[in-house]
Amino acid sequence: MRPLFGIPQTANSNTPTSNTDPTDRRINALVRHLVESSASAMADSISVSPTSSLNTDSVFAHVVRAPEDPILGVTVAYNKDPSPNKLNLGVGAYRTEEGKPLVLNVVRKAEHQLVNDSSRVKEYLPIVGLAEFNKQSAKLIFGADSPAILENRVTTVQCLSGTGSLRVGGEFLARHYHERLIYIPMPTWGNHPKVFTLAGLSVKTYRYYDPSTRGLDFQGLLEDLGSAPSGAIVLLHACAHNPTGVDPTLEQWDQIRKLMRSKQLLPFFDSAYQGFASGSLDKDAQPVRLFVADGGECFVAQSYAKNLGLYGERVGALSIVCKNADVASRVESQLKLVIRPMYSNPPIHGASIVATVLKDRDLFNEWTVELKAMADRIISMRQQLFEALRARG
C-alpha cells in the first residue's frame, strides 16, 4: 500500500510481514505505537473530563431551583392535576362554555387573507415593527382624530405584547429620563415589579385597593401620589385593573390627571384589556385620552392578547406621546437602540393579523361585535358567580 503523508500504513494483522524490509518493520512498529499511545491518551482525556458522564459535578451545580411563576405556575399545576373537575384560574385567558380556547372569527378571516396573499414575504421587519400596525394601534388607543397623532407627536413601536412594551419603555426611561423612580399600584399585576426593576428603575407602591370596601382607596391614592417626588413615573392601569377589577370613575381619573400634571408626574399606562372592561373600545380608552388631551407627555403599553385572543402571537405596542414632532422623532431613534440588542425586531405574523383587522372596516366592525359579546359574557358570569356565592351564604 502507498503510505499516507509519507508514512507507510500499518500492516493488517493477517498480512504476512516476514518478507518486509527491517526498516519498514521498525517504521510500522513506530506507527502502531503512536496510534496506540494517541488512542490511550484520548481515552484518558475523556475519562477525566469535567463534562464527562463519569463525573457528576456540573459547573452549574450551585444553581438552585427557582420557584414557579405565581401566575404561569398555576397552569403548570393545572396540567399536572389528574382531576377531571378542574378550572385554571391562573392566566386570564378567555374560554368558551366548554372551557376551550377561543379563536375569534375575525382572526381566522384575517389569517385566511394573509395566507392567500402571494405577495407576502418573510423578510425582517424594521426595528420598530410593522408600520401599518403601529399606525392603527395609535389610532385605536388615542382616537383617529387625536391632535397628538395629527401633529406627529406620537411615536409607536411594535413590541412583544404588553410585557415587552413595558420592558422597552422601562429601559428607555432608565437611560433617558431624569427620574428613575416608578410608582405602581398596590396590588398590581405580579410581573410589573420585576419588569421595571430589571429595566433599571426603582419601584415604589401607591395605595389603590381598599379590601374593607372592595373598592378604590381613592383618598390613599391621592395622598401617595401627592407625596411622590416631582417627576416620578406612575404606572396606571388603563381599564380592568389587574388583579382587582376596580377602576376609577372618569371624574376620579380627571382628578388623578390634574394632580399628576401639577406634580409633573409622568403617566405610564398599561392597556392590556381595551374593550374587555366595558365592551366598548372607546370607553375603555377614555382615561388615556384624558391625559393626551391636555397636551402633556405620557407612555402607553398596549396588548392584543386579550381583546383579539392573540395570546401566543405576542402582539403589542409602545406609544410615547411627546411635546412636538421633533422630540418624537428623536425618541424613536433611541427606542431603536433599546430594541436592537434585545430582540432586534419583532415578529410579523401577529402584527399583520391586527393590522388587517384594524384597517378593514368590515372586519373591524365584526371584531367590535365579538369583543362586546365576550365582555358581556364575562360580566354575566361574574354576576352569576356572585349570586351563587351569596345564595350559599
Side-chain angles (χ1 to χ4, degrees), residues 66-76 88 90-94 101 125 127-130 133-134 137-138 140-141 155-175 180 182-203 205 233-244 267-277 284 288 298-320 335-336 338-351 353-354:
E68 292 284 0
D69 181 90
I71 300 171
L72 299 177
V74 175
T75 300
V76 175
N88 184 355
V91 175
Y94 187 86
L125 285 177
I127 296 173
V128 297
L130 189 66
F133 167 83
N134 292 338
S137 292
L140 186 72
I141 191 67
T155 180
T156 302
V157 294
Q158 179 191 338
C159 298
L160 306 184
S161 203
T163 306
S165 304
L166 293 166
R167 180 63 184 264
V168 170
E171 292 212 12
F172 173 85
L173 288 165
R175 292 187 193 185
R180 292 191 175 185
I182 183 167
Y183 280 78
I184 62 177
M186 177 56 73
T188 192
W189 179 47
N191 219 18
H192 278 145
K194 291 173 278 189
V195 167
F196 291 118
T197 299
L198 290 173
L201 301 176
S202 297
V203 175
T205 62
I233 309 155
V234 179
L235 180 78
L236 302 163
H237 295 235
C239 65
H241 179 273
N242 181 357
T244 68
F268 195 147
F269 281 97
D270 184 356
S271 178
Y273 299 96
Q274 185 181 357
F276 244 48
D284 289 351
V288 176
C298 69
F299 282 54
V300 182
Q302 288 171 270
S303 167
Y304 291 95
K306 308 299 191 299
N307 55 19
L308 265 167
L310 296 174
Y311 307 96
E313 298 290 356
R314 312 308 294 141
V315 197
L318 172 69
S319 291
I320 303 178
L335 284 172
K336 292 178 184 178
V338 174
I339 294 169
R340 176 62 170 150
M342 190 184 294
Y343 54 86
S344 193
N345 48 12
I348 193 171
H349 186 66
I353 295 171
V354 175

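Keep in mind the model is a prediction, meaning the values are calculated, not measured.
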Report the distance from atom [atom1] of [X] to atom [atom2] of [Y], rounding to the nearest 0.5 Å.
X    : Y    : atom1 : atom2 : result
T156 : L140 : OG1   : CG    : 11.0 Å
N134 : T155 : CG    : OG1   : 8.0 Å
F172 : I320 : CZ    : CD1   : 5.0 Å
L125 : I348 : CG    : CD1   : 4.5 Å
I233 : L201 : CD1   : CG    : 5.0 Å

- Working for side chain to side chain contact (heavy atoms under 4.5 Å, CB included), residues F299 and S165: CA-CA 10 Å; F299 282 54; S165 304; over 6 Å; no
Do [X] and [Y] touch side chain to side chain, with heavy atoms closer than 4.5 Å?
X    : Y    : answer
L166 : L235 : yes
T188 : D270 : no
M342 : S344 : no

- Indicate the ring-plane relationship of F268 and F196, choosing parallel, tilted or perpendicular according to the 30° and 60° boundaries.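 Geometry flag for F196 against F268: perpendicular rings.
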- Message: Parallel, tilted or perpendicular, judged at 30° and 60°: which one describes the rings of H192 and H237?
- Response: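 Ring orientation of H192 relative to H237: perpendicular.
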Provide the closest heavy-atom pair for [X] versus [Y] in the form atom of the first, atom of the second, distance.
X    : Y    : value
S319 : Q302 : OG-OE1, 4.1 Å
F133 : A317 : CE2-CB, 3.9 Å
Q274 : N307 : O-ND2, 3.0 Å

- Can you name the salt bridge (Lys or Arg N to Asp or Glu O under 4.0 Å) partners of K336, sequence neighbours left out?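 If we apply the salt bridge (Lys or Arg N to Asp or Glu O under 4.0 Å) test to K336, skipping adjacent residues, there are no hits.
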- Which residues satisfy the salt bridge (Lys or Arg N to Asp or Glu O under 4.0 Å) test with E171, sequence neighbours excluded?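 Per chain and number, E171 pairs via salt bridge (Lys or Arg N to Asp or Glu O under 4.0 Å) with R167.
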- Task: Determine yes or no for a side-chain-to-main-chain donor-acceptor pair under 3.5 angstrom, with D284 supplying the side chain and A277 the backbone.
- Result: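 It does hold such a pair.
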- Message: Has N191 got a side-chain atom pairing as donor or acceptor with T163's backbone, closer than 3.5 angstrom?
- Response: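 Between the backbone of T163 and the side chain of N191 there is no qualifying donor-acceptor contact (under 3.5 Å).
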- Listed once per pair and sorted, the salt bridge (charged side-chain N to carboxylate O under 4.0 Å, His left out) pairs that draw on residues 185-197, sequence neighbours left out: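 Passing the test, one end in residues 185-197: D69-K194.
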- Around R340, counting heavy atoms of other residues, nucleotides and ligands shown, do more than 12 lie under 6.0 Å from its CZ?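 No.
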